[in-house]
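Below: one structure, written as structure tokens.
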Amino acid sequence: MSTYNVLVVEDSPTMRQLIVFALKRVRGLNIVEANDGVDGLKKISTEKFDLILTDINMPIMDGLKLVSLVRNDPNYKNVPIVIITTEGANEDKERAMAIGANDYITKPIQTIKIIEVARRLLNI
Amino acid sequence: MTDHEKDPQNRAEEFLQVFKKGAEFTHDLLKENERLRYQNLEIEQQLKNLHESAGTGAPSEALLKKIAKLEDEKQEILGRIRHVEAENIDFANRYVEIENENNMLANLYIASYQLHSTLDFKEVLQVILEIVINLIGAEEFSVLLLDEKTNRLQAVASEGLENNEIPSFELGEGIIGRMAKTGENYFIEELEGYERDFHHPVVCIPLKIKEHVIGVIVIYKLLVQKERFNDVDYELFTLLAGHAATAVFSAKLYTESERKLNTIQGFIDLMTK
């Protein structure tokens with residue numbers, strides 16, 4: 001069985017745990033956590049990920065900046081990125097999708113949707 | 001013998017010949033008649049058999065009975081299929097329901113784990129804020145604690161608002177004070193068109209340890225995508241409020257006891273030096 005590396009970038013430890021707990025229900029995922037955009041970038045530079053889930057509103061570096069930097073990396077041009085955020089307005093979603101996000105999930109936590117999106121984007 | 005004498009004799013012979021032929025013909029006719037009658041009987045018998053096999057008479061009733069029985073069996077099988085289909089739908093609905101409850105329990109486990117992972121009062125308040133944002137979907141809300149000396153509720157942590165924006169409420173006063181006094185949950189009846197009013201919140205949930213209220217969580221605005229409360233939310237609110245209350249109470253006690261311990265330690269140090 002294949003193992004997929006998944007990065008979860010979220011500054012709230014509670015929300016991070018909720019996302020990780022949801023993803024643990026999908027078999028074959030190796031989940032790595034990062035607590036902001038900079039931490040996420042560091043982890044991306046040392047490890048190859050098959051899927052990235054990130055919040056938008058984070059200190060130091062926000063999720064949108066992280067998405068644009070990741071998309072500029074040739075190794076990550078096609079790696080799926082999912083935004084999980086409190087920002088529910090359509091323009092926020094359009095902005096995130098325009099800079100390269102593959103899916104957009106709004107808070108409060110939607111466990112079933114997170115699992116469904118992860119499975120779909122990883123083709124498992 | 002003359003021709004005239006010969007003539008009657010010839011004529012008699014001719015007559016006998018004709019008579020003989022007539023007798024033979026009659027005999028043939030009788031035979032043919034008998035043959036035809038026999039054939040007629042055979043045809044009648046065949047017709048009778050044909051009628052029987054074509055479905056008239058007693059055997060056709062048996063056939064009809066068999067058809068009716070088969071029809072009944074078919075209806076019974078169709079009924080069973082409908083029953084199984086209904087059960088399937090019921091199982092699917094129950095599966096979704098159980099899945100949702102499972103998710104809620106998993107989320108609640110994480111939330112309570114986070115709430116009880118620290119005894120630092122500020123950290124506990126921060127976890128409460130995170131839970132209300134990420135699990136409930138609130139945008140503007142506040143945690144108010146009851147000062148037992150003054151009997152007033154005062155904001156100690158807020159999201160989307162400043163603590164000093166929120167007025168203090170006397171126990172029993174208005175919706176918030178009343179909920180704190182009675183220990184009951186309050187949910188606004190109509191969310192649509194609601195405008196923030198500090199005295200009329202969207203939600204007010206008492207933080208209770210058994211029947212003892214130590215404060216309330218008051219929500220003034222939900223996230224734009226959170227249009228209404230789900231069934232699960234009502235349960236979640238109550239369960240979270242219970243966990244939050246014990247976490248706040250423990251952290252407060254710990255902080256106070258630590259402060260007292262430091263004071264006592266200071267005295268001891270002074271006296272022993």
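Just so it is clear, the model here is predicted, and its values are computed rather than measured. Lettering of chains follows the sequences in order, A, B, ..., and the numbering in each one begins at 1. Just so it is clear, the values below take in all heavy atoms, side chains as well, and ignore hydrogens, waters and symmetry mates.
- Applying the 6.0 Å contact sphere to CD of Glu73(B) captures more than 12 heavy atoms from other residues, nucleotides or ligands.
- Not a single donor-acceptor pair under 3.5 Å links the side chain of Glu130(B) to the backbone N or O of Ser12(A).
- The neighbour count for Lys48(A) NZ, taken as heavy atoms of other residues, nucleotides or ligands under 6.0 Å away, is above 12.
- The number of heavy-atom neighbours closer than 6.0 Å to CD of Gln75(B), taken from other residues, nucleotides and ligands shown, is above 12.
- Contacts of Tyr113(B) with chain A are absent, with no heavy-atom separation under 4.5 Å from either backbone or side chain.
- For the pair Ile109(A) and Asn134(B), the minimum side-chain heavy-atom distance is 4.5 Å or more.
- Using a 4.5 Å cut-off between heavy atoms, Ala22(A) makes no contact with chain B at all.
- Between the side chains of Arg25(A) and Asn103(B), a donor-acceptor pair is found at a separation under 3.5 Å.
- Around the CZ atom of Phe198(B), the shell of radius 6.0 Å holds more than 12 heavy atoms that belong to other residues, nucleotides or ligands.
- The shortest side-chain heavy-atom distance between Asn107(B) and Thr111(A) falls under the 4.5 Å cut-off.
- Looking at heavy atoms from C-beta onward, Ile112(A) lies in side-chain contact with Glu99(B) at the 4.5 angstrom threshold.
- Within a 6.0 Å sphere centred on CD of Glu227(B), other residues, nucleotides and ligands contribute 12 heavy atoms or fewer.
- Although no hydrogens or angles enter the test, the distance criterion places a donor-acceptor pair under 3.5 Å between the side chain of Gln225(B) and the main chain of Lys107(A).
- In this structure, Phe229(B) places its CZ atom where more than 12 heavy-atom neighbours from other residues, nucleotides or ligands lie under 6.0 Å away.
- In this structure, Pro108(A) and Leu135(B) approach most closely via the heavy-atom pair CB-O, 3.5 Å.
- Shown here is Lys43(A), whose NZ atom has more than 12 heavy atoms of other residues, nucleotides or ligands within 6.0 Å.
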